[in-house]
Engineer: 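Can you read through this structure? Questions will come right after.
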Amino acid sequence: MKVYADNAATTKMSRKSIEAMLPYMEKEYGNPSSLYRLGQQAAEALDEARETIARNLGCTPAEITFTSGGSESDNQALLSAAAIGERKGRKHIISTAFEHHAVLHMLKKLEKRGFEVTYLDVHENGIVSPGQVEAAIRPDTCLVTVMYANNEIGTIQPVGQIGAVCRTHGVIFHTDAVQAVGHLPINVQEENIDMLSLSAHKFHGPKGIGALYAKKGIPLTSLIEGGAQERGKRAGTENVPAIMGMAAAFDEISARMEENSRKISRLRDQLIDGLLAIPHSVLNGDRDRRLPGNVNICFEGIEGESLLLLLDEKGISASSGSACTSGSLDPSHVLLAIGRPHEIAHGSLRLSLCETNTEEEIKYLLREIPEVVEYLRSLSPVWRDLQEGKKDYVIQ
Amino acid sequence: MKVYADNAATTKMSRKSIEAMLPYMEKEYGNPSSLYRLGQQAAEALDEARETIARNLGCTPAEITFTSGGSESDNQALLSAAAIGERKGRKHIISTAFEHHAVLHMLKKLEKRGFEVTYLDVHENGIVSPGQVEAAIRPDTCLVTVMYANNEIGTIQPVGQIGAVCRTHGVIFHTDAVQAVGHLPINVQEENIDMLSLSAHKFHGPKGIGALYAKKGIPLTSLIEGGAQERGKRAGTENVPAIMGMAAAFDEISARMEENSRKISRLRDQLIDGLLAIPHSVLNGDRDRRLPGNVNICFEGIEGESLLLLLDEKGISASSGSACTSGSLDPSHVLLAIGRPHEIAHGSLRLSLCETNTEEEIKYLLREIPEVVEYLRSLSPVWRDLQEGKKDYVIQ
Amino acid sequence: MLYSKKVMDHFTHPRNVGVIENPDGVGEVGNAKCGDIMRIYLKIDHDTISDVKFETFGCGSAIASSSMATEMIKGKPLSEALELTNKAVAEALDGLPAHKMHCSVLAEEAIKAAIQNYYEKNGIAYDAGQFPDCESCSHCASCDKSGN
Ligand SMILES: Cc1ncc(COP(=O)(O)O)c(C=O)c1O
Ligand SMILES: Cc1ncc(COP(=O)(O)O)c(C=O)c1O
Ligand code: FES
Ligand code: FES
């Protein structure tokens with residue numbers, strides 16, 4: 001059996017999305033900046049796609065800028081807010097300790113440029129509170145950037161309330177919604193979101209395409225300079241096929257969001273319950289306020305990479321916050337941020353489901369994973385020490 | 001009849017390129033950073049694509065970084081060379097007056113950061129000489145950036161000789177080869193090129209994907225921060241399908257380059273000869289040292305946009321250096337750079353051919369274009385004044 | 001693929017896994033904090049390794065390196081086992097990715113530590129220079145070398 005359970009890493013493109021792309025590759029291949037029909041048709045298609053994205057986010061088309069993906073959107077959002085802050089002499093930013101690297105590395109860069117960043121604690125449950133944000137706001141705060149849902153542990157932040165706090169204090173609020181878009185209902189206006197990043201390949205759209213929403217009145221700084229595409233805010237010939245694919249995928253997934261969510265959450269809960277039956281295992285992130293498809297569990301005494309490799313042998317595609325998978329030596333900053341000690345953080349497993357996963361697959365996962373965990377524990381000197389009472393369990 | 005003659009703006013994707021993409025959309029959709037098979041297969045495909053690109057440029061795979069297109073490649077190349085220059089206290093850059101905006105706008109940005117830029121004259125023929133470059137090099141020069149072939153007038157620069165000059169003086173040499181790759185034989189090693197930008201959609205590959213070649217030892221500065229993709233030099237989930245499409249298109253066009261070049265040049269020359277038979281018309285850019293597919297002609301007394309619109313009515317897709325098409329009011333900086341006065345620069349027509357254009361299409365163009373020019377002249381007060389001797393012709 | 005066929009073979013079917021009751025030497029290196037611990041048990045007869053077992057907490061490469069290294073020293077005189085290098089282990093595995101080479105270093109060091117333990121337990125004189133000390137271990141930046 002083959003089970004793809006790494007939908008947070010990337011997803012399979014939907015048929016509809018592919019079919020939305022194809023005509024723009026071979027027939028309607030015109031450059032939207034061109035005057036002639038072939039170009040103008042592409043330009044019109046682009047407008048339609050922009051409307052689709054806007055409609056699904058609850059904003060206007062002019063507030064959407066197409067980018068090459070989530071990382072670029074995050075980078076441009078932060079760069080733009082920082083430029084605005086700089087002009088006003090406000091150089092303080094509020095974020096969290098467990099943002100995606102596209103945000104964190106950009107924040108590091110801004111720190112070098114003289115910005116001060118407050119990284120809010122996300123607690124053991126992986127959630128920041130609006131109160132924390134409010135308490136951290138200073139007169140010189142120019143930006144609050146808090147992700148909508150975490151990519152590793154799936155916890156959903158109280159974005160609407162954080163947005164309200166930011167609005168009250170006149171601070172720009174950006175949210176990296178790469179993991180949330182298509183999976184949670186989002187309305188940027190109702191939630192007082194000023195900027196939002198999304199990436200199509202996380203919801204069955206194409207790779208290499210994303211969007212940045214920026215509320216009217218928030219000037220964007222170009223990350224990529226050149227031609228006047230995207231109202232001068234993002235140079236480069238527009239990736240029309242991918243944009244069409246993104247719009248189609250967004251429409252498709254939005255139409256079924258509730259239904260998908262119900263189905264996926266049920267599978268997720270079965271999986272969580274089943275895996276937590278493994279002794280000395282613990283769920284990472286709040287049990288309820290989490291993405292419909294996210295399961296993230298630490299197993300004491302084993303290491304993540306070897307777990308993944310053995311699962312792969314069984315046809316299961318999953319991921320881990322283990323350092324060994326990434327080639328760096330520190331385990332996931334997300335797991336450390338929620339207070340997991342290093343030795344436990346190494347033994348994490350993330351399974352992320354989508355609407356095409358089935359009950360049979362969950363059964364298969366629940367048969368294979370406990371076996372593999374047990375096998376790896378049988379090889380593990382750490383597990384032996386724990387069993388023999390030479391060390392204390394971290395996870396009871 | 002429909003004639004697409006704007007291949008310098010973008011091209012139709014080839015079947016091979018599309019077919020190279022499809023499997024990576026629906027089947028091999030894994031994230032190359034993932035450990036499991038589906039991810040590792042994508043990683044291997046990426047390696048192969050990198051080898052293909054490298055082989056066709058004469059460099060090693062490790063010297064290739066994938067980007068979202070020509071603009072991003074240009075931006076990153078300039079940013080990287082500037083960072084190296086800054087570290088060495090060398091803040092002088094040499095370029096030309098007719099680079100693409102992706103280079104020019106980045107240079108403007110660097111000027112604001114304290115860099116000094118020398119813009120070399122490109123003469124009436126649209127070609128800089130290696131001697132000009134050499135004469136402009138100073139002890140504090142950190143970068144020479146000269147495009148391989150111009151996107152509007154198609155003139156080919158003596159890149160190999162410029163590369164040799166730069167190598168002698170220890171200055172980094174970048175070339176924007178977006179218009180040249182796939183159309184001219186390029187070998188970065190033989191031509192002493194240190195950095196090169198390319199974009200797939202200019203040679204029948206997908207939009208939204210490109211590459212930056214940077215010679216071993218030249219550290220790149222990230223434009224997009226985040227994950228460790230592309231050896232930490234370009235964050236964002238790799239656009240595997242588009243990368244595969246780019247590699248396939250590059251291989252395909254390289255294999256037929258000579259044959260294509262012969263065929264296209266012949267069509268181009270017929271077109272140039274035929275159009276220059278129109279009175280008071282002039283070819284822009286050197287007649288011989290130009291891209292196989294490029295025709296760029298100014299017609300006195302008419303305005304480009306109206307020309308394009310009427311040609312579109314006849315099924316002809318073409319472009320103009322005219323400002324109106326781009327929404328700005330200034331005529332093409334390229335035409336101004338080769339010394340065309342404003343009134344003439346407004347009346348330009350660019351036709352850019354590819355290997356699928358036919359002799360019949362050329363005949364059609366040569367029947368329709370003169371008619372349209374004549375018609376527009378019949379409406380033009382400028383033309384009347386010229387005819388009546390109230391003004392002097394700029395083009396004899 | 002990240003790993004060679006050989007690595008995957010040793011990873012999925014590790015040789016010499018387990019413990020030896022009343023071993024003549026035990027060596028443990030690494031640190032759970034850093035994500036890898038390797039423990040080697042030796043049975044020694046007349047300066048020859050008559051049996052060897054390992055336990056490893058670590059990645060695929062760490063487990064495969066342990067397995068391969070134990071195979072390479074089983075039945076060998078101690079002098080030969082002491083000469084086993086991590087490079088030899090990696091080569092025997094048909095190579096390891098660059099960022100995984102340190103896992104093979106752990107295997108080499110675990111064996112040395114087990115032999116050192118044997119010498120010490122039996123009061124056999126040895127050249128300390130042949131053995132790595134914990135202080136010189138630098139495979140992880142964040143390690144406090146406290147051993148836990
Ligand atoms: C010479 C040149 N450089 C750069 C670019 C930018 O490439 P892209 O639109 O793929 O970003 C183009 C084409 O638009 C070009 O012709
Ligand atoms: C939360 C989050 N932000 C940003 C990104 C970056 O998106 P992309 O890889 O499309 O650039 C990702 C996914 O990789 C993500 O999960
Ligand atoms: S085990 Fe971490 S430095 Fe040695
Ligand atoms: S044990 Fe961590 S990389 Fe090998």
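For the numbers below, each heavy atom of this structure counts, side chains included, while hydrogens, waters and symmetry mates do not.
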Engineer: Count the heavy atoms belonging to other residues, nucleotides or ligands that lie under 6.0 Å from NZ of Lys108(A), then report whether that count exceeds 12.
Structural biologist: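 Atom NZ in Lys108(A) is packed in, count exceeds 12.
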
Engineer: Quick one: CE on Met13(B) to CE on Met21(A), what's the gap to the nearest 0.5 Å?
Structural biologist: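 Between atom CE of Met13(B) and atom CE of Met21(A) there are 8.0 Å.
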
Engineer: Sort Thr11(B) into side chain, backbone, both or neither according to what part of it lies under 4.5 angstrom from a heavy atom of chain A.
Structural biologist: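 For Thr11(B), the contact with chain A is made by the backbone alone.
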
Engineer: So, taking the atom named CG in Asp312(B) and the one named CG in Leu38(A), what distance separates them when rounded to the nearest 0.5 Å?
Structural biologist: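 Rounded to the nearest 0.5 Å, the CG-CG separation comes to 9.0 Å.
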
Engineer: So which of His100(B), Gln76(B), His201(B) has the largest heavy-atom pair count under 4.5 angstrom toward chain A?
Structural biologist: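 The answer is His201(B).
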
Engineer: Taking only distance into account, with no hydrogens and no angle test, what donor-acceptor pairs under 3.5 Å do side-chain atoms of residues 222-232 of chain B form with protein atoms, sequence neighbours excluded?
Structural biologist:
{"unit_1": "Ser222(B)", "atom_1": "OG", "unit_2": "Gly232(B)", "atom_2": "O", "d": "3.1"}
{"unit_1": "Glu225(B)", "atom_1": "OE2", "unit_2": "Lys109(A)", "atom_2": "NZ", "d": "3.0"}
{"unit_1": "Gln229(B)", "atom_1": "OE1", "unit_2": "Gly236(B)", "atom_2": "N", "d": "3.1"}
{"unit_1": "Glu230(B)", "atom_1": "OE1", "unit_2": "Arg50(B)", "atom_2": "NH1", "d": "2.8"}
{"unit_1": "Glu230(B)", "atom_1": "OE1", "unit_2": "Phe66(B)", "atom_2": "N", "d": "2.8"}
{"unit_1": "Glu230(B)", "atom_1": "OE2", "unit_2": "Arg50(B)", "atom_2": "NH2", "d": "2.9"}
{"unit_1": "Arg231(B)", "atom_1": "NH2", "unit_2": "Ala62(B)", "atom_2": "O", "d": "3.3"}
{"unit_1": "Arg231(B)", "atom_1": "NH2", "unit_2": "Thr65(B)", "atom_2": "OG1", "d": "3.3"}

Engineer: Quick one: list whatever passes side-chain contact (heavy atoms from CB on, under 4.5 Å) with Ser319(A), sequence neighbours left out.
Structural biologist: Asp6(A), Arg350(A)

Engineer: Using a 4.5 angstrom heavy-atom cutoff, name the option from His101(A), Met106(A), Glu26(A) with the most pairs to chain B.
Structural biologist: Glu26(A)

Engineer: Which distance, rounded to the nearest 0.5 Å, do you find between the CD of Glu72(A) and the CD of Glu72(B)?
Structural biologist: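 Those atoms lie 6.5 Å apart.
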
Engineer: Between Asn75(A) and chain B, which part of the residue has a heavy atom less than 4.5 Å away: side chain, backbone, both or neither?
Structural biologist: side chain

Engineer: Among Gly245(B), Ala318(B), Gly30(B), who wins on heavy-atom pairs under 4.5 Å with chain A?
Structural biologist: Ala318(B)

Engineer: Hey, what do you get for NZ (Lys12(B)) to CD (Glu28(A)), rounding to the nearest 0.5 Å?
Structural biologist: 11.0 Å

Engineer: Hey, is NZ on Lys27(A) packed in by over 12 heavy atoms from elsewhere, all under 6.0 Å?
Structural biologist: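 Open: at most 12 neighbouring heavy atoms sit under 6.0 Å from NZ of Lys27(A).
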
Engineer: Identify which of Val240(A), Leu308(A), Ile18(A) forms the greatest number of heavy-atom pairs closer than 4.5 Å to chain B.
Structural biologist: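 Most heavy-atom pairs within the cutoff with chain B belong to Ile18(A).
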
Engineer: Just how far is it from atom NZ of Lys207(B) to atom OH of Tyr29(A), taken to the nearest 0.5 Å?
Structural biologist: 9.0 Å

Engineer: What are the two closest non-hydrogen atoms of Arg37(B) and Glu313(A), and how far apart are they?
Structural biologist: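 Closest approach of Arg37(B) to Glu313(A), heavy atoms only: NH2-OE2, 3.1 Å.
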
Engineer: Taking atom CZ of Arg234(A) and atom OG of Ser68(B), what is their separation to the nearest 0.5 Å?
Structural biologist: 4.0 Å

Engineer: Side chain, backbone, both or neither: which part of Leu22(A) has a heavy atom under 4.5 Å from chain B?
Structural biologist: side chain

Engineer: List the atom of Thr10(A), the atom of Asn31(B), and the distance in Å for their closest heavy-atom pair.
Structural biologist: CG2-N, 3.6 Å

Engineer: Please flag which part of Ser17(A) lies under 4.5 Å from any non-hydrogen atom of chain B: side chain, backbone, both or neither.
Structural biologist: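 It is neither, since no heavy atom gets under 4.5 Å.
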
Engineer: Provide the closest heavy-atom pair for Ser317(A) versus Tyr36(B) in the form atom of the first, atom of the second, distance.
Structural biologist: OG-CD1, 3.5 Å

Engineer: At their closest point, which heavy atom of Ser34(A) faces which heavy atom of Ala9(B), and how far apart are they?
Structural biologist: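 Between these two residues, the closest heavy atoms are OG-CB, 4.4 Å.
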
